[in-house]
Undergrad: 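Please see the structure below; I have some questions.
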2 protein chains.
Amino acid sequence: MKDDVIAPEAPVITAKLNTLCFQILGVLLRQPRSGYEIVKQLEMVWPVKTSQIYPTLARLEKMGLVVSDDVEQQGRPNKRVYSVTRSGEKTLRDWVGTEPAPPVWRDEFLTMLYSAWTKDPQQVLAMFECRLKYLDDTMNMLRSRLAEHRATFPEELKNPRNWHFFRDILISRRLFNYEQELVWSQSVIYKLREFIDGERES
Amino acid sequence: MKDDVIAPEAPVITAKLNTLCFQILGVLLRQPRSGYEIVKQLEMVWPVKTSQIYPTLARLEKMGLVVSDDVEQQGRPNKRVYSVTRSGEKTLRDWVGTEPAPPVWRDEFLTMLYSAWTKDPQQVLAMFECRLKYLDDTMNMLRSRLAEHRATFPEELKNPRNWHFFRDILISRRLFNYEQELVWSQSVIYKLREFIDGERES
DNA sequence: GAATCCATGTAATTGGTTACATGATTCA
DNA sequence: TGAATCATGTAACCAATTACATGGATTC
């Protein structure tokens with residue numbers, strides 16, 4: 001608590017951090033991990049490739065926000081496990097609660113729908129059928145994750161001072177999202193079927 | 001229909017088109033527009049800056065997918081209006097219906113929530129209150145757009161061979177999305193309040 | 001024998017943002 | 001008078017993906 005007055009613990013190299021940096025700090029603050037593990041952890045949250053993660057981790061280390069520790073393993077390659085420093089923790093906590101940038105979601109499926117009036121309604125229907133399958137698969141995966149998490153940490157996830165609370169609400173948010181898209185898709189499918197039937201009769 | 005056999009209308013320079021290119025073609029196929037107008041049109045769909053749009057339009061023109069026409073205006077700067085060629089239309093139609101890339105949404109607010117367990121629940125509550133305001137504003141904007149569109153084109157938007165059909169379903173999808181996030185936010189706010197009250201008592 | 005998982009990286013390229021440049025018109 | 005809108009662009013930079021490189025262990 002007196003760090004900033006008495007002993008500035010790290011040589012603070014000021015540089016602008018992007019959202020990915022804060023996301024990485026967030027993962028590592030929950031639990032120290034290697035670059036490879038971070039990539040898997042962020043797969044659904046903020047997809048990132050190894051070619052981006054390793055240089056970023058090196059940058060964070062140079063800034064004194066994380067430290068690494070080489071861990072030897074038998075039967076697998078060794079790994080370098082990163083953890084957050086006190087300086088990194090402060091940086092992260094200071095960022096949380098600032099004004100977030102407006103969300104941007106880019107969905108190629110929607111871009112295709114934008115011009116789907118150039119296609120036959122039957123083909124658009126087929127596009128939606130494929131989408132339904134994708135949605136169903138993703139939802140099942142999320143449901144099992146959520147169930148497992150709730151069974152394993154029934155108490156922790158009631159406490160907003162515990163990260164399990166936020167894991168729970170973030171998974172359930174994604175699930176809600178897919179459920180809602182499913183409902184919407186079905187309503188569009190209904191409209192398309194109605195039109196196709198009407199066209200066939202005349 | 002015989003273009004590819006008898007008279008290939010454009011010198012087809014094959015190059016990979018990204019989603020933005022198809023999105024631009026989609027906008028221009030609905031109606032010819034200038035670069036500046038495209039940017040405004042895509043504001044909510046696929047945000048893009050002028051510095052990206054002008055070089056991209058030049059590239060599409062070089063590929064023979066769009067053509068431009070200088071339009072003089074009084075009281076404002078002249079503009080260059082782009083429209084889609086037959087080759088561009090074919091390119092777009094061939095792309096629609098192919099396997100779309102998995103959607104990626106990046107939301108800084110969610111990244112903040114990921115590490116919000118490091119903050120006081122009261123402060124997290126404040127973050128959500130801000131979010132509610134943002135959601136409410138966006139929903140009102142979408143609702144008025146949707147209402148206007150439905151009043152102006154009541155017949156066109158029933159026909160999936162008309163682009164108004166897809167404009168309607170895409171706006172309503174976004175509205176659904178925000179409505180659902182609102183409900184989720186309120187459920188989280190409820191949990192946070194419950195915890196805060198419980199903590200105060202003890 | 002081929003594919004996937006574990007594990008860490010570099011090089012090249014594409015995608016996207018920020019900053020800069022210009023200039024008339026309209027609105028508060 | 002200052003800000004916003006209309007209008008088109010370039011240069012520099014940051015973010016992200018693709019391709020390349022290596023190599024043992026495990027699974028099908």
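The model shown is predicted, which means the values in this text are computed figures rather than measured ones. Chain letters run A, B, ... following the sequence lines, proteins first, then strands; residues in each count from 1. Excluded from the calculations below are hydrogen atoms, water molecules and symmetry mates; all remaining heavy atoms, backbone and side chain alike, are included.
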Undergrad: First and last nucleotide of DNA chain D in contact with chain A, 5' to 3', at under 4.0 Å to a heavy atom: what are they?
TA: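 First-to-last contact on DNA chain D, by the 4.0 Å heavy-atom rule, is dA15(D) to dA25(D).
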Undergrad: Answer with base, sugar-phosphate or nothing: what part of the nucleic acid does Ser51(A) contact at a heavy-atom distance below 4.0 Å?
TA: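 Answer is base: heavy atoms of Ser51(A) come under 4.0 Å of a base.
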Undergrad: Below 4.5 Å, heavy atoms only, C-beta onward: do Lys158(A) and Phe195(B) meet side chain to side chain?
TA: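 No, too far: nothing below the 4.5 Å cut-off.
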Undergrad: Could you give the NZ-to-C1' distance, from Lys40(A) to dT4(C), as a whole number of Å?
TA: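 These atoms are roughly 11 Å apart.
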Undergrad: Run the ring pair (Phe, Tyr, Trp, His ring centres under 6.0 Å) check on Trp117(A) and Phe166(B) step by step: do they pass?
TA: CA-CA 7 Å; Trp117(A) 57 281; Phe166(B) 290 95; 8.5 Å; no
Undergrad: List in chain and number order the residues that pass side-chain contact (heavy atoms from CB on, under 4.5 Å) with Tyr36(B), two or more places apart in sequence or in another chain; answer none if no residue qualifies.
TA: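 Here the qualifying residues are Ser34(B), Lys40(B), Tyr54(B).
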Undergrad: Within this structure, what is the CD-to-C1' distance between Gln23(B) and dG16(C), rounded to whole angstrom?
TA: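 From Gln23(B) CD to dG16(C) C1': 16 Å.
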Undergrad: If you look at every strand shown and take non-hydrogen atoms under 4.0 Å, does Lys79(B) touch a base, only sugar-phosphate, or nothing?
TA: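 It contacts sugar-phosphate atoms only.
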Undergrad: Nearest-Å distance, CD1 (Ile38(A)) to C1' (dC6(C))?
TA: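 One finds 15 Å between C1' of dC6(C) and CD1 of Ile38(A), rounded.
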Undergrad: Output the rounded distance in Å from OH (Tyr54(B)) to P (dG16(C)).
TA: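 Those two atoms, OH and P, are 18 Å apart.
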Undergrad: Mark yes when over 12 heavy atoms from residues, nucleotides or ligands other than Glu72(B) sit less than 6.0 Å from its CD; otherwise mark no.
TA: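 No - once you tally the heavy atoms of other residues, nucleotides and ligands closer than 6.0 Å, there are 12 at most.
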Undergrad: I would like to know whether Phe128(A) and Tyr134(A) meet ring pair (Phe, Tyr, Trp, His ring centres under 6.0 Å); could you show each step before the answer?
TA: CA-CA 10 Å; Phe128(A) 271 97; Tyr134(A) 164 78; over 10 Å; no
Undergrad: What's the CZ-P distance between Arg76(B) and dT26(C), to the nearest Å?
TA: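 One finds 9 Å between P of dT26(C) and CZ of Arg76(B), rounded.
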Undergrad: By nearest heavy atom, map Val81(B) and Val104(B) onto DNA chain D; which one lands nearer the 5' end?
TA: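 The residue mapped nearer the 5' terminus is Val81(B).
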Undergrad: What is the distance from CD of Glu72(A) to P of dT8(C), rounded to the nearest Å?
TA: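 Checked: the CD to P distance equals 14 Å.
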Undergrad: Round to the nearest Å and state the distance from Gln74(B) atom CD to dT26(C) atom P.
TA: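 Distance check: Gln74(B) CD to dT26(C) P gives 11 Å.
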Undergrad: Find the distance Arg33(A):CZ to dA7(C):C1' and express it as a whole number of Å.
TA: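 It works out to 15 Å between those atoms.
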Undergrad: Contact class for Thr50(B) (heavy atom, under 4.0 Å): base, sugar-phosphate, or nothing?
TA: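 Result for Thr50(B) = base.
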Undergrad: Are any non-hydrogen side-chain atoms of Tyr114(A) and Arg30(B) less than 4.5 angstrom apart?
TA: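 Side chain of Tyr114(A) against side chain of Arg30(B), heavy atoms only: contact under 4.5 Å found.
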Undergrad: Are more than 12 heavy atoms from other residues, nucleotides or ligands located less than 6.0 Å from atom CD of Gln73(B)?
TA: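 Atom CD in Gln73(B) is packed in, count exceeds 12.
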